[in-house]
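For ligands, and for the atoms within them, numbers begin at 1 and follow the listed sequence. All of these numbers come straight from a predicted model, not from anything done at the bench.
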Amino acid sequence: MFVGADCNTRRSGVNGACGDGAVHDWKGWDMAVSTGIRRRAFVVAGVGLLAAPMILRQTAAVAASGDMTKMDATTQPQFNQFKLGSYKFTVFKDGATIAEKPYETFGTNQKPETVQDLLAKNFLPTDKFVNTYAPAVIDTGSDVILIDTGFGEGGRARGSGLLREGLKASGYSADDITLVALTHLHGDHIGGLMEAGAPAFKNARYVVGQAEYDFWTDKAREGTAAEGGHKAVLANVVPFAEKATFIGEGDTVASGITAMLATGHTPGHMVFHIESDGRRLVATGDTANHYILSLQQPEWEVRFDMDKTQAAASRKKVFDMIATERVAFLGYHMPFPAVGFAEPYEKGYRFVPKTYQFDL
Ligand SMILES: [Zn+2]
């Protein structure tokens, strides 16, 4: 999902994939894809590792105009690091946008006042919302794995596309990335694959969901609402096909990392289950895109979910597992640093942001 910047990027045909771009195209898609989630026993880790969380810079100034390009007063990168077992995580803030009328994106099958009431109850503004973008690096010791790429250069005019600077600030370079794993192929997740007409991560292999790739590369998208996304995938993902492994439900991304289908947001959307030394985290991509509206009311329809019913079913399945097994999750659009837990709450889940759980 990406809010606000969608149609600009779509027009460019480079990063584009209007979040709702393929709604009308959806009916033709084969629903046979499984959304099964494998459950595993939760094992409590006995040993924690020290890792100082770093927020490099918290910018306080926010543009009063509501101009979504000026969420941060500077383009200083932000990152947050922690350990999951023996894996080192670094979560980056690729950017943030401010968008109007949250009820036109979340809870679109509800009355606007119902959405606004839930926002107000949770101490949030009712007329605007902030959306952030959180690509992450998992350093396993043998691989440096990037999950999703942010907007890349196409987002920089709007203050996004900060991943590359964030990598540098955190001690990595783009050349250190050995594997790029994509949850799905919307522009805010694939825009960073190319930089100045060349591969942004020149030493990387790629892992892409087969169903997702097949959907967006299909010429049947031409002339439909999904054409912008189709062109973006042709420009940003297809060039890497020879270096890509195409995966499906239950396949291994890398050591300790397993992919699971969680479709609906897009036809082949995947989540990644990561386990190291008995500690677990699920990278949920865009399964849920607002920490209150999507988690407390998982059945509420979201404008950017291409199959709204299936997206709600995936949301409940994935977050039921996360809440029941009390595992952490990294949600691409959760409030930075985008990592937390979910506990059962009324009809859905309450987001519990991480604090020092991984630092002891
Ligand atoms: Zn997204």
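Once rounded to the nearest 0.5 Å, the distance linking CG of Leu179 with CG of Asp143 reads 5.5 Å.
Nearest N/O/S atom of Asp286 relative to the Zn ion (ligand 1): this is OD2.
The existence of a salt bridge linking Lys316 and Glu299 is confirmed by a sub-4.0 Å separation between a basic side-chain nitrogen and an acidic carboxylate oxygen.
Between the Zn ion (ligand 1) and Asp188 there is an N/O/S contact shorter than 2.8 Å. For residue His189, an N/O/S atom approaches the Zn ion (ligand 1) to within less than 2.8 Å. For a distance bound of 2.8 Å, the N, O or S atoms of His333 include one lying that close to the Zn ion (ligand 1).
Glu301 meets the side chain to side chain donor-acceptor pair (under 3.5 Å) test with no other residue; sequence neighbours excluded.
Within the structure, no pair that satisfies the side-chain hydrogen bond (donor to acceptor under 3.5 Å, both in side chains) test touches residues 108-119, not counting sequence neighbours.
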